[in-house]
Amino acid sequence: QAMASTALVSVYVLGFSGLLLCYELRLGAERLYEECGFLFTMGGRCAFLLLTANLAWACGPWWLVAALVTNGNAALHAYLLISHPAYTSGGLK
């Protein structure tokens, strides 16, 4: 049963990674904006990165590097979110 749950979480992580790839490459941007509009906001993207990174921890030792890199990316997004002057003044959402 542990193998099945690890495999299911791995499928979710791969799917979420595919969403991030489509966002970064702007593949199907209109539909992605309609279905996953949270990726186009700083806070939503940061939360999604944290979700994806923390799911990767549960996938076993092979996913360690992906989890570390994605958590680092989420930390960078959080830092930029906190320190961006337009966000702190209410100009960005």
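None of these values were measured; they are calculated from a predicted model.
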Check your understanding: Does Leu51 belong to the same Ile/Leu/Val/Met/Phe/Trp/Tyr cluster as Leu39, with side-chain heavy atoms less than 4.5 Å apart forming each link?
Key ->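 Yes.
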Exercise for review: Group every Ile, Leu, Val, Met, Phe, Trp and Tyr by side-chain heavy-atom contacts under 4.5 Å, then state whether Leu50 and Leu20 land in the same group.
Suggested key: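 In one cluster with Leu50: Leu20, no.
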Point to revise | Trp57 side chain near Leu68 side chain, heavy-atom distance below 4.5 Å | key: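 Yes, close enough: below the 4.5 Å cut-off.
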Review point. So with a 6.0 Å cut-off around CZ of Phe38, is the heavy-atom count from everything else above 12?
Key: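 Yes, enclosed.
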Point to revise | Neighbour count >12 (heavy atoms, 6.0 Å) for atom CZ, Arg26 | key: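 Yes, the 6.0 Å shell around CZ holds more than 12 heavy atoms from other groups.
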Please find the pair of heavy atoms, one from [X] and one from [Y], that lie closest to each other, and give the distance.
X	Y	value
Val13	Ala56	CG2-N, 3.8 Å
Cys22	Leu32	C-CD2, 4.0 Å
Cys36	Leu19	SG-CD2, 4.2 Å

Check your understanding: For the side-chain contact (heavy atoms from CB on, under 4.5 Å) test, which of Val9, Leu14, Leu8 pairs with Cys59?
Key ->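 Passing option: Val9.
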Practice item. Output, in order, the C-alpha distance, side-chain angles, deciding distance and verdict of side chain to side chain contact (heavy atoms under 4.5 Å, CB included) for Asn54 and Thr70. Key: CA-CA 9 Å; Asn54 289 318; Thr70 308; over 6 Å; no
Check your understanding: Going from CZ on Arg45 to OG1 on Thr52, what distance comes out if it is rounded to the nearest 0.5 angstrom?
Key ->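 Spacing of CZ (Arg45) from OG1 (Thr52) equals 12.5 Å.
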**Study point:** Leu25: side chain to side chain contact (heavy atoms under 4.5 Å, CB included) partners, not counting sequence neighbours
**Key:**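 Partners of Leu25 by the side chain to side chain contact (heavy atoms under 4.5 Å, CB included) criterion, ordered by chain and then number, come out as Leu21, Leu27.
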Practice item. Return the set of residues passing ring pair (Phe, Tyr, Trp, His ring centres under 6.0 Å) with Tyr23 (not counting sequence neighbours), or none when no residue passes. Key: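 Counting only residues at least two positions away or on another chain, Tyr23 forms a ring pair (Phe, Tyr, Trp, His ring centres under 6.0 Å) with Phe40.
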Point to revise | Connected hydrophobic set around Val65, excluding itself, where side chains approach under 4.5 Å | key: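 The other cluster members (ILVMFWY side chains, heavy atoms under 4.5 Å, direct or chained) are Val69.
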